[in-house]
Amino acid sequence: MAHDTPIIFAVGVLGNIASFICFLAPVSTFYRVCKKKTTEGFQSVPYVAALFCSMLWIFYAYIKKGEILIITINSFGCFIETIYLVIYITYCPKKARIFTLKLIFLFNLGGIFLIVLLTHVLAKEREARLEILGWICVVLSTSVFAAPLSIIKVVIRTKSVEFMPLTLSALLTISAIMWLAYGILLRDIYITLPNIVGVTFGTIQMVLYAIYRKQKPVKDQKLPEHKGDINDENLASTVTNTNHEVIPQLVEIEIGEEKKEQKHVQDEREKNQDQTERKNNFTKTRELEGTEVQQQKEG
């Protein structure tokens with residue numbers, strides 16, 4: 001069994017707890033999707049990638065044997081990401097639905113099948129299969145760690161942490177630290193390497209938050225463009241909080257979009273109030289003019 005000491009098991013449990021909370025981060029987003037019955041243009045790529053990563057790490061744990069903690073958290077990941085995708089497919093436009101289904105068949109069915117086939121064809125021994133699969137997991141998990149670069153770019157450009165909530169960033173960093181410690185204690189390089197990158201990016205986000213937390217957003221910045229930047233970079237729209245899962249950073253974008261929408265509603269309300277006041281002033285002016293004319297006629 002991989003957890004031959006209580007310390008390793010305890011660190012793995014803490015990693016499971018942190019990752020569990022991170023997996024639940026998009027719940028409020030999908031509650032809003034169900035309530036409004038629209039996906040509001042959000043992309044499905046992060047959730048497809050999250051499901052793909054969870055499935056891949058379950059296969060890794062199965063080959064390695066004894067990695068029950070990796071299996072538990074990623075089984076939950078598969079469950080919750082499947083729910084997210086079902087909700088997305090239910091309420092997204094037809095074009096987005098077709099695109100999402102293609103991604104699911106390509107990666108979550110075809111991709112996993114191809115990886116399973118190749119690991120059994122190219123390697124006959126379990127250790128060799130584990131090595132091939134481990135490096136595939138490392139490459140995939142490390143590549144999706146590029147996601148925070150998009151958030152960091154927006155924070156530096158706008159000098160505002162509006163699009164980088166402290167709570168979620170802190171949870172992602174803590175989760176990466178837990179899994180990094182877990183990988184080091186197990187002497188598992190495939191678990192350790194991606195989380196070194198995760199801790200690095202998490203630390204950068206914390207430093208940026210400390211620098212810009214009191215700064216106001218730069219006026220006339222088109223903040224929603226970040227959403228477009230994310231969408232154009234496919235997998236760069238996700239954040240891996242550990243090498244075992246992918247947490248959609250899109251939730252941060254949606255939080256920012258919601259704030260933007262609230263500000264827009266407030267601006268519209270103020271605009272309507274101004275128009276009403278101007279209309280009332282105009283009416284009063286016309287009434288005064290009419291009164292003066294009437295008085296002149298009577299005089």
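The analysis underlying the following values was restricted to heavy atoms, covering all of them including side chains, and did not include hydrogens, waters or symmetry mates. As the structure is a computational prediction, the values presented were derived from the model and not from experiment.
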Practice task
To the nearest 0.5 Å, tell me how far I63 CD1 sits from K65 NZ.
Solution key: 8.5 Å
Practice task
Give the C-alpha distance, both sets of side-chain angles, the deciding distance and a yes or no for side chain to side chain contact (heavy atoms under 4.5 Å, CB included) between Q205 and T173.
Solution key: CA-CA 9 Å; Q205 290 185 69; T173 304; 5.7 Å; no
Practice task
Indicate the atoms forming the closest heavy-atom contact of T100 with S44, along with that distance.
Solution key: OG1-OG, 2.7 Å
Practice task
Would you mind reporting whether F23 and I73 have side-chain heavy atoms less than 4.5 Å apart?
Solution key: yes
Completion exercise
When every non-hydrogen atom of I89 is compared with those of R97, the smallest separation belongs to O-NE, 2.7 Å
Exercise for the section: Using only heavy-atom distances, determine whether the side chains of W179 and T192 contain a donor-acceptor pair under 3.5 Å. Expected result: no
Completion exercise
In this structure, CD1 of I87 is separated from CZ of F30 (nearest 0.5 Å) by 6.5 Å
Exercise for the section: Under the side chain to side chain contact (heavy atoms under 4.5 Å, CB included) rule, what do L24 and I21 come out as? Steps first, then yes or no, please. Expected result: CA-CA 5 Å; L24 294 178; I21 297 173; 5.8 Å; no
Practice task
Return yes if some donor-acceptor pair links the side-chain N/O of R213 with the main-chain N/O of A210 below 3.5 Å, else return no.
Solution key: yes
Handout entry: ILVMFWY network linking F201 to I211, side-chain heavy atoms under 4.5 angstrom
Key = yes
Exercise for the section: Could you grab the distance from atom CG of L185 to atom CG of L180, nearest 0.5 Å is fine? Expected result: 9.5 Å
Handout entry: CD1/I156: more than 12 non-hydrogen atoms of other groups inside 6.0 Å
Key = yes
Practice task
State the CG-CG distance between N74 and L69, to the nearest 0.5 angstrom.
Solution key: 11.0 Å
Exercise for the section: Indicate, with yes or no, if the rings of F20 and F76 have centres closer together than 6.0 Å. Expected result: yes
Practice task
Looking only at non-hydrogen atoms, find the nearest pair between C22 and L172 and report the distance.
Solution key: SG-CD2, 3.8 Å
Handout entry: Min side-chain heavy-atom separation I136-L56 under 4.5 Å
Key = yes
Completion exercise
Closest heavy-atom pair, Q43 versus P46, reported as atoms and distance to 0.1 Å, is O-CD, 3.6 Å
Practice task
Identify whether L130 and L140 are in the same connected component of the hydrophobic contact network (ILVMFWY, side-chain heavy atoms under 4.5 Å).
Solution key: yes
Fill in the blank from the handout: All heavy atoms of G198 vs all of A176, minimum pair found to be C-CB, 4.0 Å
Fill in the blank from the handout: CG of L51 to CD1 of I104, rounded to nearest 0.5 Å, is 7.5 Å
Practice task
Indicate yes or no: at least one non-hydrogen side-chain atom of T39 is less than 4.5 angstrom from one of P93.
Solution key: yes
Problem - hydrophobic_cluster_shared for L85 and Y31, side chain cutoff 4.5 Å - result: no
Practice task
Would you indicate whether the side-chain heavy atoms of Y84 and V27 approach each other to under 4.5 Å?
Solution key: yes
Exercise for the section: Would you confirm whether the ring centroid of F113 sits within less than 6.0 angstrom of the ring centroid of F105? Expected result: no
Practice task
Please tell me if the side chains of C137 and Y190 come closer than 4.5 Å, counting only heavy atoms from C-beta onward.
Solution key: no
Exercise for the section: State yes or no: do F99 and L101 share one hydrophobic cluster built from I, L, V, M, F, W and Y residues joined by side-chain heavy-atom distances below 4.5 Å, directly or via other members? Expected result: yes
Practice task
Would you indicate whether the side-chain heavy atoms of Y209 and S169 approach each other to under 4.5 Å?
Solution key: no
Problem - Single hit among L14, I17, N195 for side-chain contact (heavy atoms from CB on, under 4.5 Å) with M178 - result: L14
Handout entry: Smallest separation among heavy atoms of Y212 and K159, with atom names
Key = CD2-CA, 3.8 Å
Practice task
Kindly work out whether a path of hydrophobic side-chain contacts (I/L/V/M/F/W/Y, heavy atoms less than 4.5 Å apart) joins L109 to F52.
Solution key: no
Handout entry: Heavy-atom neighbours of F59 CZ exceed 12 at 6.0 Å
Key = yes
Exercise for the section: Could you please spell out the steps behind the side chain to side chain contact (heavy atoms under 4.5 Å, CB included) verdict for L186 and E67? Expected result: CA-CA 10 Å; L186 280 182; E67 287 292 351; 3.1 Å; yes
Handout entry: Heavy-atom check, side chain of Y88 versus side chain of V33, under 4.5 Å
Key = no
Practice task
Quick one: pull up OG1 in T119 and CD1 in I115 and give me the separation to the nearest 0.5 Å.
Solution key: 8.0 Å
Practice task
Return yes if a side-chain donor-acceptor contact under 3.5 Å exists between D188 and Y60, otherwise no.
Solution key: yes
Handout entry: Pairwise side-chain contact, T203 with T200, heavy-atom cut-off 4.5 Å (strictly under)
Key = no
